[in-house]
Trainee: 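Mind having a look at this structure? Questions to follow.
All ligand and atom numbering here is 1-based and tracks the order in the structure.
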Amino acid sequence: MNTKTQVGIIGAGPSGLLLSHLLHLENIDSVILEARDRQYVEERVRAGVLEQGTVDLLCETGLGERLQREGIVHHGIELRFDGHGHRIALSDLSGGRSIWIYGQQEVVKDIIDTRLAAGGKIHFEADNVNLSGIDSTQPALTYRKDNQDHAVTCDFIAGCDGFHGVSRDSIPAGVLRTYHHVYPFGWLGILAAVEPSTEELIYAYHERGFALHSLRSPEISRLYIQVDPDEDISNWPDDRIWEELSLRLATEDDWTLKTGPVLEKGITPMRSFVVEPMQYGRLYLAGDAAHIVPATGAKGLNLAVHDVHKLAEALIAWYREGSDKLLEQYSDRCLGRVWRVQDFSSFMSLMLHRFSEDDGFKGRLQRAQLKYVCSSEAAARSLAENYVGLPHYGKYT
Ligand code: RFL
Ligand code: PHB
């Protein structure tokens, strides 16, 4: 079957879904093609920390109803090392801004519900998605679903299909410059049915490796430990994970880690990745399709939201005013923030993880850095303003 739309979107992750919603608010038609089924997309456990700017955008565009009811506002985080915790007062140090704990899959569910209620077109289980004519004014997407071939002709294509998607690779060789750094560690993450042992997130530096205590709700905890990037999850029965978390998060004060049934677990490699530019012809890349940041800064989803905010503005200007100025500037308007966030995520990662090849030098630097951040207001303020997220229209991004 052949259909037409204004913007063809590949991927029903946060970036593709939000883009489709922002365009719909301006009566711009889009079609989303998603490789997975709806349940898989809605249950995929990933990010949990939303920046103030992300929450503001979701609320301003009618997506904040459940977020405001169920999201948990945090005004600080703890950095824990050498058996003691040190609070970074995020809100006090950033002019009252804060972060929100609300699972990525909840954001995804909210946008899917809103799009479908408004008659939005999301084709799940779309196989073999292929892009053509991206250097023409009539690009097209083809795909296979329910044993039938389909084609969608569009004005523009948004590649929102994540790091392993097809859109980036459809740009001719030689156009993109790729920056890729793989860190010598990964994260083993668990979701557990247990009341969080902390009110605020704890980032712990320890001889045995980094650990993070996060949460999703008063009944659900989310925790991570640093492991080798090629570690096999079968080496980590639940008891071993809890034991390791207890060791790495231990304090000299009266604090204990509550344990409970593990609902989900997985290992994620840590990498920094950026392509420049984020566009070619009528194809625009957004979110993880264009960049990946190590999760220590809690930024990937927030960066994806910033990209599609900018892309929606540019497409709206094209349809409303016939102006291609913002479309031409799309990549430049995103990359400033992308590199600011890469720098912050790298700073957090290098400060908090143990390096196996370290002869003691790196460890000394890390402790000096941690002590500085926890004792100097200027250093803590810098961490805080990056962690809560710089404003979407700020001079640094
Ligand atoms: P996604 O979420 O990967 O969505 C891409 C979608 O495209 C689909 N797809 C295709 N569809 C059609 N045809 C194809 N050929 C396709 N190939 C792929 C996929 O099925 C999928 O549905 O990318 P998007 O939308 O750009 O969103 C990015 C975020 O998901 C990501 O940056 C965050 O999850 C990163 N992240 C965090 N970000 C934060 O802001 N705060 C956090 O606290 C945070 N914690 C995390 C994280 C990521 C983690 N992992 C697992 C990588 C914690 C972890 C452990
Ligand atoms: C999470 O809650 O999943 C989370 C929190 C902070 C991070 C990364 C992930 O830096």
Trainee: Which is it for Phe344 and Trp339 under the ring pair (Phe, Tyr, Trp, His ring centres under 6.0 Å) test, yes or no, and what are the steps along the way?
Mentor: CA-CA 9 Å; Phe344 175 66; Trp339 283 109; over 10 Å; no
Trainee: Heavy-atom distances under 4.0 Å decide this one: backbone, side chain, both or neither, for Leu50 against ligand 1?
Mentor: neither
Trainee: Among all protein heavy atoms, pick out the one at the shortest distance from atom 31 (C) of ligand 1; state its residue, atom name and that distance to 0.1 Å.
Mentor: Asp288 OD2, 3.3 Å
Trainee: On the 0 to 90° scale, with breaks at 30° and 60°, tag the His150-Tyr143 ring pair as parallel, tilted or perpendicular.
Mentor: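 Because their plane-to-plane angle is under 30°, the rings of His150 and Tyr143 count as parallel.
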Trainee: Can you list the atoms of ligand 1 that are under 4.0 Å from a heavy atom of Gly48?
Mentor: 42 (C), 43 (O)
Trainee: Strictly below 4.0 Å, N to O, side chains only: are Arg80 and Glu78 in salt-bridge contact?
Mentor: yes
Trainee: Look at ligand 1 and say whether Gly189 reaches it with a heavy atom at a distance under 4.0 Å.
Mentor: no
Trainee: Can you confirm whether Arg66 sits close enough to Glu106 that some side-chain heavy atom of one is under 4.5 Å from a side-chain heavy atom of the other?
Mentor: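 Touching, per the 4.5 Å side-chain cut-off.
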Trainee: Using a strict threshold of under 4.0 Å (side-chain N to carboxylate O), is an ion pair present between Lys4 and Asp29?
Mentor: no
Trainee: Kindly confirm or rule out an N or O of Ala289 lying under 3.5 angstrom from an N or O of ligand 1.
Mentor: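 No; every N/O pair is 3.5 Å or more apart.
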Trainee: Given side chain to side chain donor-acceptor pair (under 3.5 Å), test Asp110 with Tyr102 step by step and report yes or no.
Mentor: CA-CA 11 Å; Asp110 292 346; Tyr102 190 66; 2.6 Å; yes
Trainee: Using distance alone, determine whether Ala295 and ligand 1 share an N or O pair under 3.5 Å.
Mentor: no
Trainee: I'd like the contact residues of ligand 2, where contact means a heavy atom below 4.0 Å.
Mentor: Arg46, Gly48, Val49, Trp187, Leu201, Tyr203, Leu212, Ser214, Arg216, Arg222, Tyr224, Ala295, Thr296, Ala298
Trainee: Could you please spell out the steps behind the ring pair (Phe, Tyr, Trp, His ring centres under 6.0 Å) verdict for Phe273 and Phe163?
Mentor: CA-CA 9 Å; Phe273 175 85; Phe163 184 64; 5.0 Å; yes
Trainee: Could you tell me whether Gly16 and ligand 1 have an N or O pair separated by under 3.5 Å?
Mentor: no
Trainee: Can you confirm whether Leu93 sits close enough to Val388 that some side-chain heavy atom of one is under 4.5 Å from a side-chain heavy atom of the other?
Mentor: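 No, every pair of side-chain atoms sits at 4.5 Å or beyond.
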Trainee: With a cut-off of 4.0 Å, which atoms of ligand 1 are near a heavy atom of Gly165?
Mentor: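 Selected atoms, number and element: 17 (N).
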Trainee: Do Glu243 and Arg240 sit within salt-bridge range, that is, some charged N less than 4.0 Å from a carboxylate O?
Mentor: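 No, this pair does not count.
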Trainee: Using modelled atom types and a 3.5 Å cut-off, is there a donor and acceptor pairing between side-chain atoms of His206 and backbone atoms of Ala211?
Mentor: no
Trainee: Looking at atom 2 (O) of ligand 1, what's its closest protein heavy atom, distance included?
Mentor: Arg46 NH1, 2.9 Å
Trainee: Out of all atoms in ligand 1, which are within 4.0 Å of some heavy atom of Ile10? Include the element for each.
Mentor: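 Answer for ligand 1: 12 (C), 13 (N).
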Trainee: So, His123 versus Glu34: side-chain donor-acceptor pair below 3.5 Å or not?
Mentor: no
Trainee: Answer yes when Arg337 and Asp307 have at least one side-chain N-carboxylate O distance shorter than 4.0 Å, and no when they do not.
Mentor: no
Trainee: Which protein non-hydrogen atom lies closest to atom 51 (C) of ligand 1, naming both residue and atom, and how far is it?
Mentor: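 Nearest neighbour among protein heavy atoms for atom 51 (C) of ligand 1, to 0.1 Å: Thr268 OG1, 3.6 Å.
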Trainee: Heavy-atom contacts with Gly287 under 4.0 Å: which atoms of ligand 1 show up? List them by number with element.
Mentor: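 Reading through ligand 1 atom by atom, the close ones are 26 (O).
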Trainee: Test side chain to side chain donor-acceptor pair (under 3.5 Å) on Thr5 and Ser30 and set out the steps.
Mentor: CA-CA 6 Å; Thr5 189; Ser30 67; 5.6 Å; no
Trainee: Taking the basic N atoms (NZ, or NE/NH1/NH2) and the acidic carboxylate oxygens, is any pair closer than 4.0 Å for Glu51 and Arg97?
Mentor: no
Trainee: Show the atoms of ligand 1 that are less than 4.0 angstrom away from any heavy atom in Leu33.
Mentor: 11 (N), 12 (C)
Trainee: Does an N or O anywhere in Gly300 fall below 3.5 Å from an N or O of ligand 1?
Mentor: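 The answer is yes, given that Gly300 and ligand 1 share an N or O pair closer than 3.5 Å.
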Trainee: Is it true that Arg208 and Glu244 make a salt bridge, defined as a side-chain N closer than 4.0 Å to a carboxylate O?
Mentor: yes
Trainee: For ligand 1, which is the ligand I care about here, please tell me if Ala35 has any N or O atom under 3.5 Å from one of the ligand's N or O atoms.
Mentor: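 Right, the criterion is met.
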Trainee: If the threshold is 4.0 Å, N to carboxylate O, is there a salt bridge linking Glu385 and Arg381?
Mentor: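 No, Glu385 and Arg381 are not salt-bridged.
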Trainee: Among Gln104, Glu42, Arg38, exactly one meets side-chain contact (heavy atoms from CB on, under 4.5 Å) together with Lys109. Which residue is that?
Mentor: Glu42
Trainee: Show, in sequence, the C-alpha distance, side-chain angles and deciding distance for His181 and Ser272, and conclude whether the side chain to side chain donor-acceptor pair (under 3.5 Å) test is met.
Mentor: CA-CA 5 Å; His181 177 76; Ser272 288; over 6 Å; no
Trainee: Go through the steps to decide whether His353 and Tyr205 satisfy the test ring pair (Phe, Tyr, Trp, His ring centres under 6.0 Å), and finish with yes or no.
Mentor: CA-CA 7 Å; His353 290 83; Tyr205 172 84; 9.4 Å; no
Trainee: Tell me which protein heavy atom sits closest to atom 5 (C) of ligand 1, plus the residue, atom name and distance to 0.1 Å.
Mentor: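 Result for atom 5 (C) of ligand 1: Cys160 O, 3.4 Å.
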Trainee: In the protein, which heavy atom is nearest to atom 16 (C) of ligand 1, and how far is it?
Mentor: Asp161 CB, 3.9 Å
Trainee: Just to be sure I read this right, does ligand 1 sit under 4.0 Å from the backbone of Ala126, its side chain, both, or neither, counting only heavy atoms?
Mentor: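 Neither part.
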Trainee: Just need the protein heavy atom nearest to atom 27 (O) of ligand 1, so name the residue and atom and give the distance.
Mentor: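 Nearest neighbour among protein heavy atoms for atom 27 (O) of ligand 1, to 0.1 Å: Pro14 CD, 3.5 Å.
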Trainee: Answer with side chain, backbone, both or neither: which part of Val129 has a heavy atom less than 4.0 angstrom from an atom of ligand 1?
Mentor: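 Answer for Val129: side chain.
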Trainee: Check ligand 1 against Ser15 and write out every atom of the ligand that is under 4.0 Å from a heavy-atom position of the residue.
Mentor: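 Matching atoms, with element in brackets: 24 (P), 25 (O), 26 (O).
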Trainee: With ring centroids as reference points, do Tyr224 and Phe210 lie under 6.0 angstrom apart?
Mentor: no
Trainee: For ligand 1, which atoms sit closer than 4.0 Å to a heavy atom of Arg36?
Mentor: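 Per the distance check, 20 (O).
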Trainee: Considering only the protein, which heavy-atom contact is closest to atom 21 (C) of ligand 1, and what is its distance?
Mentor: Arg44 NH2, 3.3 Å
Trainee: Determine whether the side chain, the backbone, both or neither of Gln104 has a heavy atom under 4.0 Å from any heavy atom of ligand 1.
Mentor: side chain
Trainee: Out of Leu141, Leu301, Ile292, Val41, whose heavy atom sits nearest atom 39 (C) of ligand 1?
Mentor: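 Looking at heavy atoms only, Leu301 sits closest to atom 39 (C) of ligand 1.
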Trainee: Within a distance under 4.0 Å of any heavy atom of Gly162, pick out the atoms of ligand 1 and give their elements.
Mentor: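 The atoms of ligand 1 under 4.0 Å from a heavy atom of Gly162 are 3 (O), 5 (C), 23 (O).
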Trainee: Can you check whether a protein heavy atom sits less than 4.0 angstrom from atom 18 (C) of ligand 1?
Mentor: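 Yes; the ligand atom in question has protein heavy-atom contact below 4.0 Å.
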Trainee: What I want to know is whether Tyr224 and ligand 1 share at least one N or O pair that is separated by under 3.5 angstrom.
Mentor: no
Trainee: Please report which non-hydrogen protein atom sits nearest to atom 36 (N) of ligand 1, along with the residue it belongs to and the distance in Å to one decimal place.
Mentor: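 Among all protein heavy atoms, the one nearest atom 36 (N) of ligand 1 is Ala47 CB, 3.7 Å.
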Trainee: Applying a 4.0 Å heavy-atom criterion (strictly less than), which segment of Trp187 is in contact with ligand 1: side chain, backbone, both, or neither?
Mentor: neither
Trainee: Mind running side-chain contact (heavy atoms from CB on, under 4.5 Å) on Trp318 and Leu326 for me, showing each step along the way?
Mentor: CA-CA 8 Å; Trp318 193 86; Leu326 292 181; over 6 Å; no
